[in-house]
Amino acid sequence: SSQESLALNKKALRLFRPMQNFDGLAWGTFQIAQIYRDQGQLTKAWEFVKRALELYDHIANQKGTGWAHNEQGRIYEAM
């Protein structure tokens, strides 16, 4: 279920945070944005994709940044 997926992704973020695993944090945050988008919670999705984008920019992950911008477009289109 999407609720279980959301809970597991948030658990992953709690594990990545103390390790300062920014790639894991960015990916998990991106995944949460997608879950919220799929649930129709577009404001939450927008907030999480912006956080993911900031994390990807922080670690200079151009591929991740591109995916996050793509997701921003999908969320914006759904709004």
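In this view, Gln41 and Gln39 satisfy the side-chain hydrogen bond (donor to acceptor under 3.5 Å, both in side chains) rule, not counting sequence neighbours. Asp23 is linked by a side-chain hydrogen bond (donor to acceptor under 3.5 Å, both in side chains) to Asn61, counting only residues two or more places apart in sequence or in another chain. For Arg37, the side-chain hydrogen bond (donor to acceptor under 3.5 Å, both in side chains) partners are Glu71, not counting sequence neighbours.
Between Thr29 and Ala52, the shortest heavy-atom distance links the atoms CG2-N, 3.6 Å. Between Asn9 and Gln31, the closest heavy-atom pair is OD1-CB, 3.4 Å.
A distance of 9.0 Å separates CG of Leu13 from NZ of Lys10, quoted to the nearest 0.5 Å. Atom CD of residue Glu47 and atom CZ of residue Arg51 lie 6.0 Å apart, to the nearest 0.5 angstrom. The OH atom of Tyr56 lies 8.0 Å from the OG1 atom of Thr65; values are rounded to the nearest 0.5 Å.
A 4.5 Å side-chain heavy-atom check between Tyr36 and Trp46 finds every atom pair outside the cut-off. Side-chain atoms of Leu25 and Asn21, non-hydrogen and from C-beta on, never get closer than 4.5 Å to each other.
In terms of modelled atom types and a separation under 3.5 Å, the side chain of Asn70 and the main chain of Gly66 share no donor-acceptor contact.
Clustering ILVMFWY residues whenever any of their side-chain heavy atoms sit less than 4.5 angstrom apart, transitively, puts Leu53 in a cluster other than the one holding Ile35. No continuous path of ILVMFWY side-chain contacts below 4.5 Å connects Leu15 to Ile59, so the two sit in separate hydrophobic clusters. Linking ILVMFWY residues whenever their side-chain heavy atoms come closer than 4.5 Å, directly or via other members, leaves Leu8 and Leu6 in distinct clusters.
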